[in-house]
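Chain letters run A, B, ... following the sequence lines, proteins first and then strands; every chain starts at 1.
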Amino acid sequence: MVKVKLRDDIREFENGTTAADVAKALGMGLYKAACAAKIDGKLCDLRTPIENDCALEILTFDNVEGKKAFWHTSSHVLAQAVKRLFPKAKFAIGPAVDNGFYYDFDVEKPFSPEDLEKITAEMKKIVKEGFELERFLLPPDEAVKLLEEMDEPYKVELCREHSDKGEPISFYRQGEFTDLCAGPHLMSVAPIKAIKLTACTGAYWRGDSKNAQLCRVYGVSFPKAAQLEEHLKALEEAKMRDHNKIGRELEYFTTVDYVGQGLPVLLPKGARVVQLLQRWVEDVEQAHGCQLTKTPLLAKRELYKISGHWDHYLDGMFVLGDPDDESKECFALRPMTCPFQYQVYLNRQRSYRELPMRLTETSTLFRNEASGEMHGLIRVRQFTISEGHYVIRPDQLEEEFRGCLELAKYFLETVGLLEDCTFRFSQWDPANPNNKYEGTAEQWDHAQGAMKRILDNIGLDYEVGIDEAAFYGPKLDIQYKNVFGKEDTLVTIQIDMLLAEKFGMYYIDSDNSKKLPYIIHRTSLGCYERTLAYMLEHFAGALPLWLAPEQVRVMPLSENLSEAAQDIEAKLASAGLRVSSDLRSEKIGYKIREAQLEKVPYMLVIGNKELEEGTVSVRSRKNANLGTMSLDDFIAMAKEEIETKAK
RNA sequence: GCUGGAAUAACUCAGUUGGUAGAGUACCUCACUCGUAAUGAGGAAGUCGAGGGUUCAAGUCCCUUUUCCAGCUCCA
């Protein structure tokens with residue numbers, strides 16, 4: 001007998017009892033809902049026999065790992081359906097992901113939307129057939145042999161790698177379908193009641209664009225139809241917050257065919273928000289001891305050669321002239337600010353007393369991104385960032401790094417984005433096949449070791465990103481997800497122990513010796529276009545009052561109150577508020593509806609009553625009629641909200 | 001760059017087997033002078049993304065191209 005510690009008590013079972021049997025003993029409801037199990041904290045299959053005393057947890061669809069087992073089994077059902085309908089398809093991988101599952105297939109022609117419908121129907125049929133999943137193990141050589149017989153070249157490749165370890169290889173079988181797989185999986189395909197195949201896209205084998213491109217089918221599934229409906233509804237609602245949709249509808253930006261890809265045109269509202277953000281950031285940075293610079297937007301090829309960007313990123317630069325003709329001048333628009341700002345430091349010889357030198361610039365950059373990369377305001381070819389380079393003595397590294405992080409967190413918190421940010425410690429990969437990184441292993445160990453110590457001292461919760469570093473040093477990247485769940489970098493703080501030497505950036509230390517400084521490359525609010533995009537998504541277009549392009553709209557009830565309205569508008573404007581009047585001969589309900597849809601924070605309704613009383617009737621966009629108050633009281637209230645940067 | 005989807009009035013979208021281009025909203029004009037999310041009537045508005053081709057005839061079929069969307073890859 002073995003003692004099994006469950007959530008509420010400890011029970012005894014026959015040695016060799018499976019996790020599924022335990023679930024059944026606890027109740028058929030739990031057994032039916034069970035997706036996977038955890039034995040002593042280790043995720044495993046429900047089929048796993050229990051041979052020692054242990055703690056057991058039964059995972060259902062409500063649990064993240066249980067859900068993934070459910071979706072992973074769904075991906076096997078997808079593969080089985082594809083095999084039935086397209087027998088020639090070769091199989092790559094089919095895992096569960098955060099919001100469903102996918103499977104990669106090598107097929108002659110990618111699936112059409114009609115194909116996906118047929119596949120969905122076949123999947124539903126398979127679920128009805130209700131196959132049990134059966135797990136079996138084979139020694140590595142037999143596993144390879146089986147996969148070769150099945151004529152699955154991608155699986156053979158995967159299996160060969162695993163077989164180096166000499167451990168038995170695990171397979172799952174359901175009906176006529178067998179797949180190489182580590183699991184865990186459901187006991188049967190029957191619980192997969194609601195299925196939706198959401199997309200069919202291209203994906204490279206092993207994530208490498210040099211490899212063959214496969215056909216990836218994405219899907220999502222649930223135990224109940226209602227859950228699927230709810231999920232699809234939530235996706236629709238997320239799309240309603242998509243900055244690419246509301247940013248255009250609310251006239252923050254637009255794109256124009258003949259201007260070009262990745263070159264959004266900021267309309268007055270978007271331009272105003274960016275201006276407000278920039279002024280604020282520049283002022284706060286100044287208060288933090290930063291010195292503002294203003295450097296050229298382009299430079300000769302020679303500058304980029306010193307920095308290394310010419311060798312590493314020529315393809316990503318907009319070059320003016322023939323890059324290969326050394327006999328003629330050749331310029332390039334700047335893709336970063338580093339070597340420009342270094343010239344400020346290099347203007348004369350520097351003393352250790354001058355460090356840290358915190359240089360910042362509201363810097364417009366140009367990057368010739370590949371044509372398929374552009375996305376709304378998030379990924380563009382011309383953008384403006386609050387870029388800083390701190391030239392520091394080595395002993396100042398930790399304090400300055402902390403300062404950069406605190407500053408970035410302050411900015412992100414104030415604009416409402418910090419709570420959804422995650423932190424990534426981006427490190428180099430010595431095995432990077434493209435020879436991306438400069439410097440020696442010792443230098444990298446030194447820089448990464450320093451960053452790790454600092455991050456651990458701060459107690460920051462971060463994940464590690466291997467092969468995500470800059471070519472000159474490790475980064476702390478602050479990441480943010482858009483409404484579709486796609487993650488991008490919002491802010492980055494980088495430690496660079498390499499570039500100072502390339503540019504001959506020395507300082508004279510207290511002992512009169514010439515020394516190389518460290519450099520921190522950092523953004524404080526990142527790219528303004530991207531920040532605006534995320535704010536539009538976060539606030540669903542209703543930016544906080546202090547950033548709202550139009551803060552107040554005055555609405556007279558009838559045309560004969562136009563003058564009074566304009567009078568109020570003038571008073572609000574002179575109080576520093578961004579205000580307009582709606583003087584059209586429309587009903588008040590109509591004007592309000594329009595202002596609500598445009599997310600105008602405050603609407604002031606002016607009628608004869610208010611005119612007589614000398615008041616205004618205040619309505620906020622949060623659908624609240626705040627009643628009447630004096631204009632001065634309203635101005636005081638609005639100013640308070642603006643000054644505190646209330647969200 | 002790759003895979004798939006899309007582009008028709010300012011916007012959101014219909015448009016059948018190829019046969020004279022449609023609706024709602026917005027816009028303009030007029031009437032109404034209005035109390036917290038849509039007043040009524042009338043009017044104007046489209047080289048059907050662009051360029052080729054097939055055809056007596058192309059929004060519709062074929063090719064090329066641009067832009068937009070989702071994903072992959074990339075992101076100094």
Under 3.5 Å, which protein N or O atoms sit close to an N or O of nucleotides 5-12 of chain B? Give each pair with its distance.
none

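- Applying the side-chain contact (heavy atoms from CB on, under 4.5 Å) test to A:Glu563 and every residue at least two apart in sequence or in another chain returns nothing.
- The base of B:rG1 is not paired with the side chain of A:Glu369 by any donor and acceptor separated by under 3.5 Å.
- Taking atom P in both B:rC34 and B:rA50, the straight-line distance is 49 Å, to the nearest Å.
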What nitrogen or oxygen pairs link the protein and nucleotides 24-31 of chain B at under 3.5 Å?
| unit_1 | atom_1 | unit_2 | atom_2 | d |
| --- | --- | --- | --- | --- |
| B:rA26 | OP1 | A:Tyr590 | OH | 3.2 |

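- A side-chain hydrogen bond (donor to acceptor under 3.5 Å, both in side chains) check over residues 526-540 of chain A, counting only residues at least two apart or in different chains, returns the pairs A:His243-A:Glu537.
- OP1 or OP2 of B:rU3 has not a single side-chain nitrogen or oxygen of A:Lys109 nearer than 4.0 Å.
- Taken residue by residue, residues 520-532 of chain A places no heavy atom nearer than 4.0 Å to RNA chain B.
- For A:Asp257, there are no side-chain contact (heavy atoms from CB on, under 4.5 Å) partners at least two apart in sequence or on another chain.
- The side chain of A:Arg619 places an N or O atom within less than 4.0 Å of a non-bridging phosphate oxygen (OP1 or OP2) of B:rA37.
- Under the 4.0 Å criterion applied to side-chain N and carboxylate O atoms, A:Glu236 and A:Lys239 are assigned as salt-bridge partners.
- Partners of A:Trp310 according to the ring pair (Phe, Tyr, Trp, His ring centres under 6.0 Å) rule, which considers only residues two or more places apart in sequence or in another chain, do not exist here.
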_Dot-bracket, 5' to 3', for RNA chain B please: Watson-Crick or G-U pairs under 3.5 Å, [ ] where pairs cross earlier ones, | where the partner sits on another strand, dots elsewhere._
(((((((..((((.....[..)))).(((((.......))))).....(((((..]....))))))))))))....

_At under 4.0 Å between heavy atoms, how does the protein contact nucleotides 68-73 of chain B? Give one character per nucleotide, 5' to 3', with B, S or -._
SSSBBB

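- None of A:Tyr103, A:Phe91, A:Phe105, A:Trp205 except one satisfies the ring-ring contact (aromatic ring centres under 6.0 Å, His included) rule with A:Tyr154; the exception is A:Trp205.
- A close approach under 4.0 Å does occur between a side-chain nitrogen or oxygen of A:Lys475 and OP1 or OP2 of B:rA76.
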Below 3.5 Å between N/O atoms, which protein atoms pair up with nucleotides 62-65 of chain B? Just atom names and distances, please.
none

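- A heavy-atom distance below 4.0 Å to RNA chain B is reached by none of the residues of residues 100-108 of chain A.
- Checked against ring pair (Phe, Tyr, Trp, His ring centres under 6.0 Å), A:Phe634 has the following partners two or more places apart in sequence or in another chain: A:Tyr602.
- Between A:Arg584 and A:Glu594 there is a salt bridge, with a side-chain nitrogen of the basic residue lying less than 4.0 Å from a carboxylate oxygen of the acidic one.
- Under a 4.0 Å N-O distance rule, the pair A:Asp208/A:Arg206 does not qualify as a salt bridge.
- At a threshold of 4.0 angstrom between heavy atoms, the contacts of A:Asn608 include nucleobase atoms, whether or not backbone atoms are also involved.
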